[in-house]
S.K.: 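Okay, here's the structure, questions in a sec.
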Amino acid sequence: MPLPYADLLFTGGPVFTAGGGRATAVAVRDGRIIATGHDLSALAGPSTEVVDLAGRLLLPGFQDAHVHAVMGGVELNQCDLTETIDLDEYLRRVAAYAEDHPDVAWIVGGGWSMETFPGGVPAKELLDRVSPDRPVFLANRDHHGAWVNSRALELAGITADTPDPAHGRIDRNPDGSPAGGLQEGAMELVTPLLPEVTTADRIAGLKRAQQLLHSLGVTAWQDAMVCATNGYPEVSDAYLAAASEGWLTATVVGALWWDRDRGPEQIPEIVANRERLTVGRLRCDSVKLMLDGVAENFTAAMTEPYRDGCGCATGNTGLSFIDPAALRSYVTELDALGFQVHFHALGDRAVRDGLDAVAAARAANGFTDTRPHLAHLQVVHPDDVPRFRRLGATANLQAYWASHEPQMDELTIPFLDPALAARQYPFGDLWRSGAHLAAGSDWPVSTPDPLQAIHVAVNRVHQGEDYEPFLPEQRLDLATALAAYTAGSAYVNRLDDTGTIRPGNRADLVVLDRDLFAAPVTEIAAATVAGTWVDGRQVYAA
């Protein structure tokens, strides 16, 4: 019996199936792929929409395995310091935002880079110049620190006598007075004072984020911070509204936040939130455990101590936000309940703690299909690289970070033990070991554009920059990097009927403006998205 006519037919261009097959045509009916091949003209009926690829590349929709979409969308409407590292431009933008928003009680936003400031520490006096009377709170681009002015410090009661919180640090001047930077948990001294971000703000942010992500070819994602505490914003109301009201066109997995100040008594609440927040295109059956901080402020958990400015070892090996022994117990219980665990693990000690927790769960529960994954992986000890495959743990790559830049060369490498510095972002080693790879952006920490990240995964340098490739032996080839951002992330998201182009799968598809495989790899980031389809329905057209 012949197949029915297609609703949608792509023809005349290369198809990256992410599953190993080759094709130049794809047919879709009722939101599903019904055929792939080279001549599918027999499936074109009188009402079939035909998309002529004209040599452009068709591939599965990108899936972001670690993103903060609502936060990113909200921040697009705040004081935006992204896409520059120029101090004068930061101050110009803060002043302009203050002038344009005379009625807001606080100037809130972020996106600044630590490399702009000596030692990565911003000064409150700089903000005092442009906002002497209104408090200012600006998160840096990795959201592990904030820049505040004198008025904000005054309102929070932060003085030279204020002790550092257990999981954070107040940057200080030589006399002990607060300098203007707040690291990790020290931000929580100020965040309770910030104006409330309303449900309406978050809904508007999610709408902006969804539109932006679709324009970049992203058809599904995992939000790495839902039902957050510990001073981070809670975003579940926006997702619940989107899923319940039917305007969520992406498929979203929510990673429910593990409160690091509590223990197993929170697990019944997490179970209840899984039930409450699994609606329509939203499913919340992952749990996010933040194990450490970031290397630039010396809070990522390392196996070797950080160095000081003279290159001598200090007594600091970073922070472990969750006790490793307790972590093994928590993960074992979550795994037994069918939850996926999603770790923030940046330093090699944090990576080891996460893998140890997965090993404990496997030993107790067997190899169930919970698909744990570890995100960021800035430093991985060589002994732990093969454990990903053995334990069935996915390496979730934020590839855009794997390049030389001032934040890496001035604020990270000089302060890492040389052995650790040589082990950063070991994508190639992980791939060669047989580890499963997924990919994500961590937006708004860095660009949400998958093509920019894939460019760095393949080249180990940002587009247009003349730095030497960063640890070039850790490059991935183009097909592997594309597969990580499509099939790899679909696996992590447990969306098994997406991520590859094959009959029966959902027609989540992206057309680029060119064939990446027919151009030099140095031009990957120059490509753009021409169109995005979800379930066979176009959600973006250039």
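Just so we're clear, the structure is a prediction, and the values are computed from it rather than from any experiment. Note that the numbering runs from 1 along the sequence shown for the chain.
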S.K.: Ion pair present between Asp535 and Arg537, side-chain N to carboxylate O less than 4.0 angstrom?
M.R.: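 Answer for the salt bridge query: no.
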S.K.: Whether the side chain of Asp442 engages the backbone of Val445 through a donor-acceptor N/O pair (distance < 3.5 Å, no angle test) should be reported.
M.R.: no
S.K.: Taking atom SG of Cys227 and atom CZ of Arg276, what is their separation to the nearest 0.5 Å?
M.R.: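 Between atom SG of Cys227 and atom CZ of Arg276 there are 5.0 Å.
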S.K.: I'd like to know if Arg202 and Glu196 make a salt bridge, using a cut-off of under 4.0 Å between side-chain N and carboxylate O.
M.R.: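 Result for this pair is no, no salt bridge flagged.
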S.K.: Quick one: do Arg32 and Asp497 make a salt bridge, cutoff under 4.0 Å?
M.R.: yes
S.K.: For Asp223 and Ala69, indicate whether the former's side chain and the latter's backbone hold a donor-acceptor pair under 3.5 Å.
M.R.: yes
S.K.: Using the six-membered ring wherever Trp is involved, compare the ring planes of His404 and Phe470 and label them parallel, tilted or perpendicular (cut-offs 30° and 60°).
M.R.: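 If you compare the ring of His404 with that of Phe470, the planes turn out perpendicular.
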S.K.: In a check of salt bridge (charged side-chain N to carboxylate O under 4.0 Å, His left out) between Asp384 and each of Arg423, Arg352, Arg389, which one passes?
M.R.: Arg352
S.K.: Is Arg371 salt-bridged to Asp369, cutoff N-O under 4.0 Å?
M.R.: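 Yes, Arg371 and Asp369 are salt-bridged.
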S.K.: Which one of Phe339, Tyr330, Tyr232 satisfies the ring pair (Phe, Tyr, Trp, His ring centres under 6.0 Å) criterion with Trp258?
M.R.: Tyr330
S.K.: For the side chain of Asp348 and the backbone of Val379, is there at least one donor-acceptor N/O pair under 3.5 Å apart?
M.R.: no
S.K.: With side chain to side chain contact (heavy atoms under 4.5 Å, CB included) as the criterion, how do Val539 and Gln210 come out once you've worked through the C-alpha distance, each side chain's angles and the decisive distance to 0.1 Å?
M.R.: CA-CA 10 Å; Val539 294; Gln210 181 169 253; over 6 Å; no
S.K.: Is the distance from the ring center of His344 to that of His342 below 6.0 Å?
M.R.: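 Not under 6.0 Å, so no.
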S.K.: Are the aromatic rings of His436 and His373 close, with centres under 6.0 Å apart?
M.R.: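 Centroid distance His436-His373: not below 6.0 Å, so no.
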S.K.: Which heavy atom of Thr48 sits nearest a heavy atom of Ala6, and at what distance?
M.R.: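 Scanning both residues, the minimum pair turns out to be OG1-O, 2.5 Å.
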S.K.: Kindly assign one of parallel, tilted or perpendicular to the pair Trp221 and Tyr239, based on the angle between their ring planes and the thresholds 30° and 60°.
M.R.: tilted
S.K.: Can you give each donor-acceptor pair under 3.5 Å made by side-chain atoms of residues 18-30, sequence neighbours left out, with the distance rounded to 0.1 Å?
M.R.:
unit_1, atom_1, unit_2, atom_2, d
Thr24, OG1, His38, ND1, 3.1
Arg29, NH1, Tyr5, O, 2.8

S.K.: Could you report the tightest heavy-atom contact between Ala357 and Phe343, atom names first, then the distance?
M.R.: CB-CZ, 4.3 Å
